[in-house]
2 protein chains.
Amino acid sequence: MSPTIHDVARAAGVSIKTVSNVVNDNPKVGPETRLRVHRIIEALGYRPNLSARGLRSGKSGVIGLAVPSLRENYFAELADSVIRAAKKHDLRVLIEQTDGDRQQEISILTGGRMRFIDGLLFSPAEIGQQDVDVLSGIEPIVLLGERIFGGPTDHVTMHNTSSAKAATEHLLDLGRRRIALIGASDSADDAASSANLRERGYHQALAEAGIEEDPRLVIRGGKWTRETGLDGVRHFISNGIVFDAIFALNDTLALGALRALVHAGLRVPEDVALIGFDNIDEGSFSIPTLTSVDPGRLEIAETAVDLLIERINEKGERSAPRTVKAAFSIIKRESTGFATDDAGPPQ
Amino acid sequence: MSPTIHDVARAAGVSIKTVSNVVNDNPKVGPETRLRVHRIIEALGYRPNLSARGLRSGKSGVIGLAVPSLRENYFAELADSVIRAAKKHDLRVLIEQTDGDRQQEISILTGGRMRFIDGLLFSPAEIGQQDVDVLSGIEPIVLLGERIFGGPTDHVTMHNTSSAKAATEHLLDLGRRRIALIGASDSADDAASSANLRERGYHQALAEAGIEEDPRLVIRGGKWTRETGLDGVRHFISNGIVFDAIFALNDTLALGALRALVHAGLRVPEDVALIGFDNIDEGSFSIPTLTSVDPGRLEIAETAVDLLIERINEKGERSAPRTVKAAFSIIKRESTGFATDDAGPPQ
DNA sequence: ATAGCACGGTACAACGTTGTACCAATATGC
DNA sequence: GCATATTGGTACAACGTTGTACCGTGCTAT
């Protein structure tokens, strides 16, 4: 068995509390005692037992991150950013995957699977406004992304509508007029879903430009996968629907669409300009490179961790929930005609 | 505060042990008592405190996974597979990133940062044979990938050499004779590194085919990133080195190379056939889709979790370390001339 | 009738830590 | 020279669980 604080205390001829004080840099211990204890700790290879510490202090030093799947690039990159942000505060991250499944999402929130984490960063995919009550659990939660507004928890999100509007305007600036939208929701119910928020920006931009919309240009339904993007373009082509630009509601859709465009012999950006959303790493290496909305992933991760830590350390009354929106930007690359000679690494 | 086992016991009029027995499906409790306790648990929303349980049982139900970075697709996908495999055994996964940095790798192994995990899956990038001693820590460790052989721990790996040989043979079968290698190591010291093992397979295949090698076709040094792949191809072109195929030692390198090839107006696979290694998701959506060596990621993850669990449950003497190699296969796609009409999702 | 036993349950200690309360010795103030 | 801080330390309880040992009741087998 690994040595405990008792073993160290015995070997050093002091009380266990003194060892504890040394370990925690508690001032109440003289310099030479401190040195002696440190030496014994080193010699024995003592490491505090985090379960015991967690039990005693009520903190484990671990936060949870629940995302649909790490196989979706955006979430892998988000997880990377979260782990880095957490590390700065000496926190570790436990990752759960929900597969975008409502049952699994709820089970994580209620199941107590994560009982010893100090707090949870939760990126919901399916649960929405109607599930607000399951969020009022005990542990601090910070929500990432959309779907639940006015809930009882902090919320870090992005400028979905205005950035989507900016993306559409970028295509309009290129002179495109028949701009397709891929990845729209097939249900208007959940007005706060990413899909519906972003779609709103699309409509706003077109309206302000005085463009008459063709509803056939909007592909609804389907998961935000490459298949959906690919099928969307195929649908346009096989039905003779003409388009000169595509706004895909995330990069994965855009990359799927890109594949179908190339396959069909359409040139990007000459025949069709293409813009995605998320600015995943892959977009700077696709052929052509992909113009995309950068939703501020790094800022989202860092803000979320900061908010969560505040909640964890909050004593007494829980203060009112806050919502933070990260700054966005449009990253212009080859798929809308902007040369990126050197396909450099993303930030 | 959340309710404890004591609250439940008081409300149900039983002892805390009985509640514990109910929670753990211990048989020593009558049906109606069990029902009553269950009801109270439900009503109070009681969830066992995992820190306390962990302290008492010496197990936390959490395993660690240390990888260079989730931003590298292979590791994101590996993490996904590990989380899924762990979930089947009701284990949770805590992820640490080492950034492929030797200091960070060592600090994870020695630092006790992960003190309350039951075991660690460790995917080393920098530490090697010379660091074998830091592995003989207390907690069970299973190594993923290469670099350390004959160490004191279990080891789940892949058929690096024979699969690399098969990859090269695949290119030879297409009639290619000037096969470039991208991603080779610039140090022959660490014979057990993935790079050197795979390179050996390349040489073996060429030798058996009776092909005289041109050392200029081997690009050494650089991280396994898209940039390195891209730079490799640029180097060939700008130096007038002729080649008709590329074996990239991982898919990221291959995708970088692909970008440079397209940029240079070379057709894949007509002018240059291309094969990668890892079979990451992205390869089935690149343009053209990427032929790759599938190293058996799923099998690796599941085997590793199984081995780790065995170690965790092992009592007394630690048995001899084992090494398992997963089965590989060559996934033939467009980059070596195999049509994949429908760019379907990977397994 | 009684030993034996299964059943359903309880009491208590222990896991390894840290907070609270306390204490002894030395230094400080007037 | 005596009260009073200050410093460096100790003892003990408590965090919430589960394993071990135990106990009472009622049933079965002799």
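Per chain, numbering begins at 1; letters A, B, ... match sequence-line order. The structure displayed is predicted, hence computed values, not measured ones. Computed from heavy atoms alone, side chains included, the values below leave out hydrogens, waters and symmetry copies.
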* To do: Answer with yes or no whether the side chains of T323(A) and D154(A) bring together a donor and an acceptor at under 3.5 Å.
  =>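 Note: D154(A) and T323(A) side chains miss the donor-acceptor criterion.
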* Asked: Do T18(A) and R34(A) get their side chains close enough for a donor-acceptor pair, meaning under 3.5 Å?
  ->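 No.
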* Does the side chain of T18(B) get closer than 4.0 angstrom to OP1 or OP2 of dT10(C) through an N or O atom? ->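 Yes.
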Between the protein and nucleotides 17-24 of chain C, list the N/O to N/O atom pairs that are separated by less than 3.5 angstrom.
residue, atom, partner, partner atom, Å
dT17(C), OP1, Y46(A), OH, 2.7
dT17(C), OP1, N49(A), N, 3.1
dT17(C), OP2, I5(A), N, 2.7
dT17(C), O5', Y46(A), OH, 3.3
dT18(C), OP1, N24(A), OD1, 3.3
dT18(C), OP1, N24(A), ND2, 3.2
dT18(C), OP1, R53(A), NE, 2.9
dT18(C), OP1, R53(A), NH2, 3.3
dT18(C), OP2, S20(A), OG, 2.7
dT18(C), OP2, N24(A), ND2, 3.3
dT18(C), O2, R56(A), NH1, 2.6
dG19(C), O4', R56(A), NH2, 3.2
dG19(C), N7, K17(A), NZ, 3.0

* To do: Specify the angle, to 10°, made by the local axes at the two ends of the helix from dA1(C)-dT30(D) to dC30(C)-dG1(D) when five pairs are taken at each end.
  =>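 Computed angle between terminal axes is 40°.
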Does the pair [X]/[Y] count as a salt bridge with the N-to-O cut at 4.0 Å?
X: E72(A); Y: K223(A); result: no
X: E105(B); Y: R102(B); result: no
X: R84(B); Y: D99(A); result: yes

* Asked: In a check of salt bridge (charged side-chain N to carboxylate O under 4.0 Å, His left out) between E302(A) and each of K88(A), R297(A), K87(A), which one passes?
  ->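 Of all the options given, the one that passes is K88(A).
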* To do: Measure from the side-chain heavy atoms of V29(A) and tell me the nearest of dT10(C), dG16(C), dG9(D).
  =>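 Among the listed nucleotides, the one closest to the side chain of V29(A) is dG9(D).
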Taking distance alone, no hydrogens or angles, what donor-acceptor pairs closer than 3.5 Å link side-chain atoms of residues 19-26 of chain B to residues at least two apart or in another chain?
residue, atom, partner, partner atom, Å
S20(B), OG, N24(B), ND2, 3.4
N21(B), OD1, K17(B), NZ, 3.4
N21(B), OD1, N26(B), ND2, 3.3
N21(B), ND2, K17(B), O, 3.3
N24(B), ND2, S20(B), O, 2.7

* Separation of atom CG in L35(B) from atom P in dG9(C), rounded to whole Å ->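 Atom CG in L35(B) sits about 12 Å away from atom P in dG9(C).
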* Asked: Whole-Å distance between dA14(C) P and L55(B) CG?
  ->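 Taking CG of L55(B) and P of dA14(C), I get 14 Å after rounding.
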* Just wondering, are more than 12 heavy atoms of other shown residues or ligands nearer than 6.0 Å to CZ in R39(A)? ->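 No, CZ of R39(A) has 12 or fewer neighbouring heavy atoms, counting only those of other groups under 6.0 Å.
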